[in-house]
Amino acid sequence: MADYTFEDWKARAAALNFRNQAFIDGKFVDAASGKTFESINPATGEVLAHVAECDEEDVNRAVAAARTAFEDGRWSRQAPGERKAVMLKLADLIRENLEEFALLDSLDMGKLVQDAVTVDAPGSAHFFQWYAEAIDKIYDEVAPTGPGDLAIVKRVPLGVVGAVTPWNFPLDMATWKGAAALAAGNSFVLKPAEQSPLSALRLAELAVEAGMPEGVFNVVPGFGVGAGKALGLHMDVDCLAFTGSTGIGKMFMQYSGQSNLKQVWPETGGKSPNLIFADCDDLDKAADMAAFGIFFNQGEVCSANSRIYVERSIAQEFADKMIARAQAMQPGNPLDPASKSGAIVNERQTQGIMRFVEEGKKTATLAAGGERVTVDGKGCFVQPTVFVDVAHSDPLARDEIFGPVVSIIPFDTEAEAVAMANDSIYGLAASVWTENLSRALRVSENLFAGTVSVNTMDALSAQTPFGGMKQSGFGRDLSLHSIDKYTALKTTWVKYQT
């Protein structure tokens, strides 16, 4: 697989069979309305598939199937070892189909196939395996009571969990939410982003192949105003997990209040700071990781370190290193293993990024990139872009661009750097580069962010929670903590002696 050529990947892409119907109650079905929408390859403009456009009626069908499956216990009351075996089998099936999943996400939203096949798809298999292994290792509690009383505290599934996931990591985000919700014993209804629904549909199909009962894992592709809103307002959805923009996250909170007070767990926008101090002893490594932190996945990452605060004495040296790295990461066809950057997800997102770039040219210095380009005369591609002489108040440094655009801002003191880093409506992630342990711990403690990476970038694992503070939302994916949001605590108090 590592030796696949561009021609190899193209041949495999041409042989793909796209699942394009909704997946409800264990079967692929058309939308009730018969409507479809186009799934478009942003690298070429080619229509990949006409996908079922689900709306309220389809969501009702999916939720009803999920509720029936939950109530009759076909999954929720299976023995932990039985659910574990199914999820382990699903992890194996993902591994058996890594190339297909990598191609689906690469073609659907423009990410490099090499990243998808080495990071995204194997990561999804790993997370399903990790949550499967956790199923029979989470214990209930016996509370301290007086003589003659027994108080049992059990963690029980909520029922029907809805999830609305973004387009930047289609398979990963479906997995982060689905694996934890399913491990807890819930039924699951997924609305993937309309820009990238294909891998979610294949995942649901494999879940049934792995032995997951019909109705437990449902997928309703469609638009936010149709399927997404219907999930948010549904009176029989017990919990909704969301990753996406802050504005849409707020809408789901409103939908909860307008319906059944369902739990809503939002993971929303970000504008993550990267603080680089002069006592960083490996500036090349810091620049390598900073480039990864903003240009990986074309900058379409909620936790992308898009504003870099650099101590003034090394600011120019660091900027030069970032410029060189940006220039070396020019976009190419996502299926070409030699490409360093892929396509932006669609025309709308590309135009939005370029508006930021054009406005930024008026207020800051464009040091690298800043051009929209094509590959073989086609596609939505933006060069990795570096701005210097950026004011902390500039929209370049404050607004989430969600593209390969980074701002470099000098600072003079630690206090100034921390103050600027925290001066944001977001609080998803941050990074700190220093060899001074005291500074590393002090600055990390003072930064308002869900994850602070020290001398690395965007650190995460199955063992640690991922999520934010402030208007980055309060949902948490990954780790055992994520199971908390898909379960309720139920107390059974027995008085056995009077």
Side-chain angles (χ1 to χ4, degrees), residues 42 110 168 269-276 283-284 286-332 339-375 379-412 417 420-421 423-424 426 431 433 457:
N168 56 336
K271 189 69 177 177
S272 299
N274 184 1
L275 283 61
I276 303 178
L283 208 56
D284 282 315
D288 286 341
M289 294 302 291
F292 168 82
I294 182 56
F295 300 137
F296 174 69
N297 208 47
Q298 301 74 246
E300 297 165 322
V301 181
C302 55
S303 57
N305 285 229
S306 54
R307 49 189 177 119
I308 304 179
Y309 299 100
V310 189
E311 195 160 354
R312 195 174 300 277
S313 62
I314 60 168
Q316 186 58 57
E317 179 184 3
F318 180 82
D320 290 343
K321 293 180 184 295
M322 282 295 291
I323 292 166
R325 284 155 178 77
Q327 292 171 339
M329 298 178 71
Q330 295 304 299
S339 296
K340 303 301 182 184
S341 181
I344 303 301
V345 67
N346 60 16
E347 181 66 27
R348 177 181 178 182
Q349 183 67 17
T350 305
Q351 292 182 7
I353 294 167
M354 291 310 301
R355 281 195 294 271
F356 273 104
V357 171
E358 293 306 315
E359 289 300 309
K361 290 177 183 178
K362 302 173 184 177
T363 57
T365 300
L366 177 64
E371 297 293 330
R372 177 176 181 172
V373 296
T374 60
V375 174
C380 300
F381 298 89
V382 175
Q383 294 176 326
T385 300
V386 179
F387 279 97
V388 297
D389 303 322
V390 180
H392 170 65
S393 59
D394 195 308
L396 285 172
R398 302 195 69 80
D399 296 341
E400 186 176 36
I401 300 173
F402 222 69
V405 180
V406 67
S407 299
I408 298 178
I409 303 166
F411 68 85
D412 294 301
M420 288 193 293
D423 183 22
S424 170
Y426 301 113
S431 295
W433 292 81
M457 187 66 58

Point to revise | Contacts of F356 that satisfy ring-ring contact (aromatic ring centres under 6.0 Å, His included) - sequence neighbours left out | key: none
Review point. Is the backbone of N168 close enough, under 3.5 Å, to the side chain of N297 for a donor and an acceptor to pair up by distance?
Key: yes
Revision key, fill the gap. With M354 as partner, the option from V382, T385, V405 fulfilling side-chain contact (heavy atoms from CB on, under 4.5 Å) is V382
Practice item. Any chance you could measure W433, atom CH2, to L275, atom CG, to the nearest 0.5 Å? Key: 12.5 Å
Point to revise | salt bridge (Lys or Arg N to Asp or Glu O under 4.0 Å) partners for R348, two or more places apart | key: none
Point to revise | Closest non-hydrogen atom pair between M322 and A287, with its separation | key: SD-O, 3.7 Å
Check your understanding: Closest heavy-atom contact between F402 and I353?
Key -> O-CD1, 3.7 Å
Point to revise | Residues which pass salt bridge (Lys or Arg N to Asp or Glu O under 4.0 Å) with K361, listed by chain and number, not counting sequence neighbours | key: E358
Point to revise | Sidechain-backbone polar pair: Q298 side chain, I344 backbone, donor-acceptor under 3.5 Å | key: no
Review point. Would you call C380 and R372 a side-chain contact if the rule is heavy atoms closer than 4.5 Å?
Key: yes
Study note, to complete from the structure: Sequence neighbours excluded, the answer for ring-ring contact (aromatic ring centres under 6.0 Å, His included) partners of Y426 is none
Exercise for review: Kindly state each residue pair satisfying salt bridge (Lys or Arg N to Asp or Glu O under 4.0 Å) with at least one member in residues 388-402, sequence neighbours excluded.
Suggested key: R398-D423
**Study point:** Minimal non-hydrogen separation, A291 against R325, with atom names
**Key:** CB-CB, 4.0 Å
Point to revise | Distance (rounded to the nearest 0.5 Å) between N274 CG and I294 CD1 | key: 10.0 Å
**Study point:** side-chain contact (heavy atoms from CB on, under 4.5 Å) partners of S393, counting only residues at least two apart
**Key:** A391
Point to revise | Interatomic distance, Y309 atom OH to M420 atom CE [nearest 0.5 angstrom] | key: 5.5 Å
Practice item. List in chain and number order the residues that pass side-chain hydrogen bond (donor to acceptor under 3.5 Å, both in side chains) with D320, two or more places apart in sequence or in another chain; answer none if no residue qualifies. Key: Q316
Check your understanding: Taking everything shown except K321 itself, do over 12 heavy atoms lie less than 6.0 Å from its NZ?
Key -> yes
Check your understanding: What residue pairs, at least two apart or across chains, pass salt bridge (Lys or Arg N to Asp or Glu O under 4.0 Å) with a residue in residues 292-318?
Key -> R312-D412
**Study point:** Counterpart residues, side-chain contact (heavy atoms from CB on, under 4.5 Å), relative to S339 (two or more places apart)
**Key:** L112, D336
Point to revise | Sequence-distant partners of P384, side-chain contact (heavy atoms from CB on, under 4.5 Å), two or more places apart | key: F295, A326, M329, Q330, P331
**Study point:** I276 side chain near L283 side chain, heavy-atom distance below 4.5 Å
**Key:** yes
Practice item. Please name the residue in the list N305, I308, V388 that meets the side-chain contact (heavy atoms from CB on, under 4.5 Å) test with V406. Key: I308
Point to revise | Residues that A397 engages under side-chain contact (heavy atoms from CB on, under 4.5 Å), provided they are two or more places apart | key: V390, I409
**Study point:** From CZ (F296) to CE (M289), nearest 0.5 Å
**Key:** 11.0 Å
Review point. Where do G379 and T374 come nearest, in terms of heavy atoms and distance?
Key: O-CG2, 4.3 Å
Exercise for review: Only counting residues at least two apart or in another chain, list the ones meeting salt bridge (Lys or Arg N to Asp or Glu O under 4.0 Å) with R355.
Suggested key: none
